[in-house]
Amino acid sequence: MYNEFNISKKAKELVLEEEKKLTEEFKKIDDMCDINSLKVLKAFSDNNVSESDFSSTTGYGYNDVGRDKIEKIFSSVLGAEDALVRSQFISGSHALCVALFSYLRPGDLMLSITGTPYDTLHEVIGIKENNSSLKAFGIKYDEIDLVNDDFDYEKIEDYIKNNKVKLIEIQRSKGYSTRKSIVIEKLEKVIKLIKKIDSSIIIMVDNCYCEFVGDKSPIEVGADIIVGSLIKNMGGGIAPNGAYIAGKKELVDLAGERLTLPGEGREVGPTLGINKYILQGIFMAPSVVASALKTAVLTSKVLDSLGYEVEPKYNEERADIVQNIIFKNEEDLVSYCGGIQGASPIDSLSKPIPWDMPGYDDKVVMAAGAFTQGSSIELSCDGPIREPFIAYQQGSLTYPYGKIAVMKAVTQISEKNLDNK
């Protein structure tokens, strides 16, 4: 059957050989999955989830008991005072946009301490001109780059002492950059520094791709507000759309009034039958994230054995589900994405080609044969067409499907690499 699926014997044997060396890493992932599964199950039990919570509301969405219970579950799991979990969020980027416009006012200063944020926020902030940006409303922006994949603590301290900063944004996952993602220990260290200097600063963390990778959320190490997507980790591959904002109650309430309207806020917002899918999604999420992590670790081990640069290495501590493969040429990047697409359950016959996408400065090649459009917790692989031609792979609803996809992608990139093994 492997031959019938156009997986070469050499690719299959290589993947299976490298998999045998990953027992210790996989055990760590399974242990973390157990911890997070217990955390989720306890939240369901504490909030007495029942079948009636699957009920749907329409129109204004008043008195949606299931919606309110979902937000209590997310609060519990994330260690937050409150949470806003809504299908009205189009994406994680939309939720970040809502949060920024909720907390910043004309004349305020926003500071990013992880360098330039992800491409889709450039027009939100005003890094790239847009008449609807924060900049257009008189909100100032500045950024401090990381140094050797860590925070520039000295520069951050000096900046805060000499400027009145309203909000600090921290993007944990690397996005389309070449830096490492931010592990929770580094996050905790920098939050303590900021709070010591000025406790009034709002610390907002973009937590996309990071949930359930570890056993702590940024809220539990001092962040004021965190944002994430339901078509990434927290939706478990089941939630069809949506995002969350979680943290301090007063900040969550402000976001609710920006998402809907002042005076009504979180009291409105119909669920239109989505409650069951969000509940199933977060219930399955620890297991699905574990599968995504195992697929990432396997990918790292296999591609490293073929001589490609990978980040992180298979045995490094991980902050998110994203695996980088540095191809250094467009051909291998596009071919590898083609292999992932060919192992997708949806649109497997499609051929990924670089093209212009809204919100991105470079052409992007994207393999994403998913049940939910744009779902990054389902196996996907993409990258901008620019030096050094990095593939950003993430997801896999189950590990066996992820393993098959790695075999397919390795077959696709180059037989000559396998001949040298």
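All values below come from the heavy atoms of this structure, side chains included, with hydrogens, waters and symmetry mates left out. Just so it is clear, the model here is predicted, and its values are computed rather than measured.
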Open item on the list: Please evaluate residues Ser93 and Ser91 with respect to the criterion side chain to side chain donor-acceptor pair (under 3.5 Å), reporting the C-alpha separation (whole Å), side-chain torsions for both, the decisive distance (0.1 Å), and the verdict.
Closed with: CA-CA 5 Å; Ser93 294; Ser91 63; 4.5 Å; no

- [ ] Please assess Asp68 against Arg266 for the test salt bridge (Lys or Arg N to Asp or Glu O under 4.0 Å), listing each intermediate value before the final yes or no.
- [x] CA-CA 9 Å; Asp68 296 343; Arg266 300 169 60 193; over 6 Å; no

Task: Worked check of side-chain contact (heavy atoms from CB on, under 4.5 Å) between Thr295 and Gln393 - done: CA-CA 9 Å; Thr295 301; Gln393 180 183 299; 3.9 Å; yes

- [ ] Assess whether side-chain contact (heavy atoms from CB on, under 4.5 Å) is satisfied between Met357 and Met366, documenting all intermediate values.
- [x] CA-CA 10 Å; Met357 292 183 63; Met366 182 170 290; 3.9 Å; yes

TODO: Give the C-alpha distance, both sets of side-chain angles, the deciding distance and a yes or no for side chain to side chain donor-acceptor pair (under 3.5 Å) between Glu257 and Ser102.
DONE: CA-CA 8 Å; Glu257 295 211 330; Ser102 300; over 6 Å; no

- [ ] Quick one: do Ile202 and Lys166 satisfy side-chain contact (heavy atoms from CB on, under 4.5 Å)? Show the steps, please.
- [x] CA-CA 6 Å; Ile202 299 169; Lys166 175 69 175 295; 4.1 Å; yes

Open item on the list: Could you walk me through whether Asp304 and Lys313 satisfy the salt bridge (Lys or Arg N to Asp or Glu O under 4.0 Å) test, starting with their C-alpha distance in whole Å, then the side-chain angles of each, then the deciding distance to 0.1 Å, before giving a yes or no?
Closed with: CA-CA 8 Å; Asp304 180 66; Lys313 297 286 189 181; 3.2 Å; yes

Task: Test log, rule side-chain contact (heavy atoms from CB on, under 4.5 Å), inputs Val49 and Ile73 - done: CA-CA 9 Å; Val49 175; Ile73 289 170; 3.5 Å; yes

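The shortest distance between side-chain heavy atoms of Val165 and Asp108 does not fall below 4.5 Å.
Counting only N and O atoms by type, the side chains of Gln394 and Asp382 include a donor and acceptor under 3.5 Å apart. A donor and an acceptor atom, one from each side chain of Asp142 and Tyr159, are located under 3.5 Å apart. Under 3.5 Å, the side chains of Tyr176 and Asp362 contain no donor-acceptor pair of N or O atoms. Side-chain contact of Ser396 with Ser291: a donor-acceptor pair under 3.5 Å is absent, judged by distance alone. Counting only N and O atoms by type, the side chains of Ser181 and Asp320 include a donor and acceptor under 3.5 Å apart.
Other residues, nucleotides and ligands place more than 12 heavy atoms under 6.0 Å from the CG atom of Leu261. Counting non-hydrogen atoms of neighbouring residues, nucleotides and ligands closer than 6.0 angstrom, the NZ atom of Lys21 exceeds 12 such neighbours. Within 6.0 Å of NZ in Lys39 there are more than 12 heavy atoms belonging to other residues, nucleotides or ligands. For Glu264, the CD atom sits in a packed shell: over 12 heavy atoms of surrounding residues, nucleotides or ligands are nearer than 6.0 Å. Within 6.0 Å of CG in Asn162 there are more than 12 heavy atoms belonging to other residues, nucleotides or ligands. Gln373 CD: 12 or fewer foreign heavy atoms inside a 6.0 Å radius. Within 6.0 Å of the NZ atom in Lys192, the count of heavy atoms belonging to other residues, nucleotides or ligands does not exceed 12. The 12-atom threshold is not exceeded at OH of Tyr277, counting heavy atoms of other residues, nucleotides or ligands nearer than 6.0 Å.
Here the CD1 atom belonging to Ile182 is positioned 12.0 Å from the CG atom belonging to Asn207, to the nearest 0.5 angstrom. For the atom pair Asp34 CG and Ile29 CD1, the distance stands at 12.5 Å (nearest 0.5 Å). A distance of 13.5 Å separates CD1 of Ile194 from NZ of Lys196, quoted to the nearest 0.5 Å. For the atom pair CD1 (Ile274) and CD1 (Ile238), the distance works out to 12.0 Å, reported to the nearest 0.5 Å. For the atom pair Tyr209 OH and Ser376 OG, the distance stands at 3.5 Å (nearest 0.5 Å). Atom NZ of Lys249 sits about 11.0 Å away from atom CG of Leu254, to the nearest 0.5 Å.
Salt bridge absent: Asp206 and Arg172 never bring a charged side-chain N and a carboxylate O closer than 4.0 Å. By the 4.0 Å N-to-carboxylate-O rule, Lys232 lies too far from Glu211 to be salt-bridged with it. Ion pairing between Lys161 and Asp198 fails under the 4.0 Å rule for side-chain N and carboxylate O. The pair Glu311-Lys174 meets the salt-bridge criterion, since a charged nitrogen lies less than 4.0 angstrom from a carboxylate oxygen. One finds no salt bridge joining Glu24 and Lys27 here, because no Lys/Arg side-chain nitrogen approaches an Asp/Glu carboxylate oxygen to under 4.0 Å. Salt bridge Lys180/Glu316: present, at least one basic N to carboxylate O contact under 4.0 Å. With respect to Lys69 and Asp53, a salt bridge is recorded, a charged nitrogen being found less than 4.0 Å from a carboxylate O.
Shown here for Leu193 and Tyr153, the closest heavy-atom pair between the two residues is CD2-O, 3.7 Å. The two residues Ala136 and Asn131 make their nearest non-hydrogen contact at CB-O, 3.3 Å. Here the shortest heavy-atom pairing between Ala95 and Ile245 reads O-CD1, 3.5 Å. Contact detail for Ala367 and Cys337: the closest heavy-atom pair is CB-O, 3.1 Å. A pairwise comparison of heavy atoms in Pro218 and Val205 identifies CG-CG1, 3.9 Å as the closest pair. Phe283 and Val40 get closest at one heavy-atom pair: CA-CG1, 3.9 Å.
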Would you give me the side-chain donor-acceptor pairs under 3.5 Å for residues 222-231, sequence neighbours excluded?
{"from": "Asp224", "atom 1": "OD1", "to": "Lys195", "atom 2": "NZ", "distance (Å)": "3.2"}
{"from": "Asp224", "atom 1": "OD1", "to": "Lys248", "atom 2": "NZ", "distance (Å)": "2.9"}
{"from": "Asp224", "atom 1": "OD2", "to": "Lys195", "atom 2": "NZ", "distance (Å)": "2.7"}
{"from": "Asp224", "atom 1": "OD2", "to": "Ile203", "atom 2": "N", "distance (Å)": "2.8"}
{"from": "Ser229", "atom 1": "OG", "to": "Ile231", "atom 2": "N", "distance (Å)": "3.1"}

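Not one N or O on the side chain of Thr411 forms a donor-acceptor pair closer than 3.5 Å with the backbone of Ile7. At distances below 3.5 Å, not a single donor-acceptor pair connects side-chain atoms of Glu143 with backbone N or O atoms of Ile113. Between the side chain of Tyr60 and the main chain of Gly269, no donor-acceptor pair closer than 3.5 Å is present. Checked by atom type and distance alone, the side chain of Thr57 never pairs as donor or acceptor with a backbone atom of Pro270 at under 3.5 Å. Ser305 places a side-chain N or O within donor-acceptor distance of the main-chain N or O of Val302, the cut-off being under 3.5 Å. Between the side chain of Ser55 and the backbone N or O of Ser52 there is at least one donor-acceptor pair closer than 3.5 Å. Within the 3.5 Å criterion, the main-chain N or O of Ile90 finds no donor-acceptor partner in the side chain of Asn241.
Ring geometry for Tyr308 against Phe327 counts as perpendicular: the plane angle is over 60°, on a 0 to 90° scale with 30° as the lower cut. The aromatic rings of Phe101 and Phe137 stand perpendicular to each other, their planes meeting at an angle above 60°, with 30° marking the opposite boundary.
Listed by chain and residue number, Glu129, Ser133 satisfy the side-chain contact (heavy atoms from CB on, under 4.5 Å) test with Lys135 (two or more places apart in sequence, or in another chain).
Aromatic pair Phe26/Tyr399: ring centres closer than 6.0 Å.
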